[in-house]
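Here the structure comes first, spelled out in structure tokens, and everything after it is commentary.
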Amino acid sequence: MTSWRMPSEWEPHECTWMAFPPANETFGAHGSASLQRARQAWANVAAAVCGYEPVRMMVRPEDIAEARTLLPEAVELHAVPLDDAWVRDSGPTFVRDESGAVAAVDWVFNGWGAQSWAAWEADQRVGEQIAGLAGVPRIASTLVNEGGGLHVDGRGTVLLTRTVQQDPGRNPGWSQQQIEAEIHQRLGTHHAVWLPRGLTRDYDEFGTRGHVDIVACFTPAGSVLLHTQRDRSHPDHQVSRELREVLESATVAGGDPISITELPAPKQLQDESGWSDWSYINHYVANGAVIMGAFQDPSDEKAQQILEEHYPGRTVERVDARDIFAFGGGVHCITQQQPSSPTAPGAVPAP
């Protein structure tokens, strides 16, 4: 029986997958200023990533011409039906076996728990589409799950959130033991650390109900970066404290305590929709680089310094993430890494 393992994000990639924002209720109608802002924001991230590794962009067939005008020539375009552009969630989670062969775990995607505003008729097939385009086997899972709802250290530990995988809108009837067994089988992990919740804004109408990739992530040294809201007036101040307490009492797969580094939240506390969820945790680790969401905020400089310390040997590239967050996510949410295989044309050595 083949043993699959999800590599950590900082292990070598063959490429990065993204999706070009389509006209919809989130981004706006064709020709709207909001849709153009979204497409430019996604294009800026693609441009930053493709300086370090190949980018493969899924695009609605009718949007190919416009995508070509906005994206760097190096970005490879694939005509694919899309409902939305959050490929971290609708796309597959790539895994690798002992020989280095790559496969794609295709979770069930149901619009973040069958939310009333979401559409997923096309996006529920994105995982299968990417597996086919990548030329790798598809491993179908019966668990409703999204890539933004998990984070691995590559050493056996996975971070999860109770309000995501145990959400009645996602997996009614599944016990914690059943969820862990399915995740461990698909990702090659054997130890789960459950966070009780995500950020406050993530429980608004258009939230994911607690994705982990905006609150905490592992780093190559094995420590965890934790989103920390230090302003007591923001409701996430208490959330940060609660999450820290949980992590302080947890261990990684080997039994060692978790080393925590606080990554302070941006200074801006609110936007036109309420309490801000801007977070530097939602960055993307590419070959030789970290693509950091920046906010023209006084905390940007400190966040970059912390990321440089935790990803030695990588260049931290800032990309303005304000528009991405305004549409409901961040840099990590719109990217999905495909790990390299020893036989893959785009394989690169570890940095």
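Any value given below was found using the heavy atoms of this structure, including those in side chains, with hydrogens, waters and symmetry copies removed.
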Practice task
Kindly determine whether Thr16 and Glu53 satisfy side chain to side chain contact (heavy atoms under 4.5 Å, CB included), including the steps that lead there.
Solution key: CA-CA 7 Å; Thr16 294; Glu53 64 185 69; 2.6 Å; yes

Exercise for the section: Test Arg201 against Asp271 for salt bridge (charged side-chain N to carboxylate O under 4.0 Å, His left out), laying out the working first. Expected result: CA-CA 11 Å; Arg201 179 75 165 266; Asp271 59 23; 3.2 Å; yes

Say whether [X] and [Y], considering side chains only, have a donor N or O and an acceptor N or O under 3.5 Å apart.
X      : Y      : answer
Thr142 : Glu182 : no
Arg162 : Gln166 : yes
Asp153 : Ser8   : no
Asp300 : Gln296 : no
His332 : Glu9   : yes

Practice task
I would like to know whether Glu180 and Gln176 meet side-chain hydrogen bond (donor to acceptor under 3.5 Å, both in side chains); could you show each step before the answer?
Solution key: CA-CA 6 Å; Glu180 288 187 15; Gln176 177 176 323; 2.9 Å; yes

Within the 4.5 Å heavy-atom criterion, are [X] and [Y] side-chain neighbours or not?
X      : Y      : answer
Val193 : Thr157 : yes
Leu82  : Asp123 : yes
Arg60  : Pro81  : no
Ile183 : Leu143 : yes
Arg88  : Asp213 : yes
Ile324 : Val45  : yes
Leu195 : Val215 : yes
Arg68  : Val75  : yes

Practice task
Walk me through it: do Ser240 and His227 pass the test side-chain hydrogen bond (donor to acceptor under 3.5 Å, both in side chains)?
Solution key: CA-CA 7 Å; Ser240 298; His227 175 82; 5.2 Å; no

Practice task
Please name the residue in the list Val87, Leu77, Val80, Leu70 that meets the side chain to side chain contact (heavy atoms under 4.5 Å, CB included) test with Phe20.
Solution key: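 Output: one option passes, namely Leu70.
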
With a 4.0 Å cut-off on N to O distance, would you call [X] and [Y] a salt bridge?
X      : Y      : answer
Lys267 : Asp297 : no
Glu98  : Arg5   : no
Asp63  : Arg39  : yes
Arg56  : Glu14  : yes

Problem - Atom CZ of Arg241: over 12 foreign heavy atoms under 6.0 Å - result: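 No - once you tally the heavy atoms of other residues, nucleotides and ligands closer than 6.0 Å, there are 12 at most.
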
Practice task
Tell me, with the steps shown, if Met58 and Ile130 meet side chain to side chain contact (heavy atoms under 4.5 Å, CB included).
Solution key: CA-CA 9 Å; Met58 296 177 296; Ile130 290 180; 3.5 Å; yes

Practice task
Compare every heavy atom of Ala104 with every heavy atom of Pro92, then report the nearest pair and how far apart it is.
Solution key: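 Taking every non-hydrogen atom into account, CB-CB, 3.7 Å.
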
Exercise for the section: Indicate, with yes or no, if the rings of His78 and Trp17 have centres closer together than 6.0 Å. Expected result: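 Centroid distance His78-Trp17: below 6.0 Å, so yes.
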
Using 30° and 60° as the class limits, which term best fits the ring planes of [X] and [Y]: parallel, tilted or perpendicular?
X      : Y      : answer
Trp42  : Phe27  : perpendicular
Tyr284 : His13  : tilted
Trp117 : Trp112 : parallel

Exercise for the section: Among Thr161, Thr163, Thr208, find the one that has a side-chain hydrogen bond (donor to acceptor under 3.5 Å, both in side chains) with Asp202. Expected result: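 Only one option passes, and that is Thr208.
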
Practice task
Determine, stepwise, if the pair Arg314 / Glu308 fulfils salt bridge (charged side-chain N to carboxylate O under 4.0 Å, His left out).
Solution key: CA-CA 7 Å; Arg314 282 181 159 86; Glu308 287 171 342; over 6 Å; no

Practice task
Report the C-alpha separation of Ile179 and Gln165 in whole Å, then their side-chain angles, then the decisive distance to 0.1 Å, and conclude whether the side chain to side chain contact (heavy atoms under 4.5 Å, CB included) test is met.
Solution key: CA-CA 7 Å; Ile179 291 170; Gln165 285 81 16; 3.9 Å; yes

Problem - ILVMFWY cluster, Phe325 and Val319 together (side-chain gap under 4.5 Å) - result: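 Cluster IDs for Phe325 and Val319 differ.
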
Exercise for the section: Report the C-alpha separation of Phe218 and Val152 in whole Å, then their side-chain angles, then the decisive distance to 0.1 Å, and conclude whether the side chain to side chain contact (heavy atoms under 4.5 Å, CB included) test is met. Expected result: CA-CA 7 Å; Phe218 288 108; Val152 301; 5.6 Å; no

Exercise for the section: Any chance you could lay out the salt bridge (charged side-chain N to carboxylate O under 4.0 Å, His left out) test for Arg318 and Glu301, step after step, and finish with the verdict? Expected result: CA-CA 10 Å; Arg318 293 192 202 181; Glu301 195 68 36; 2.6 Å; yes

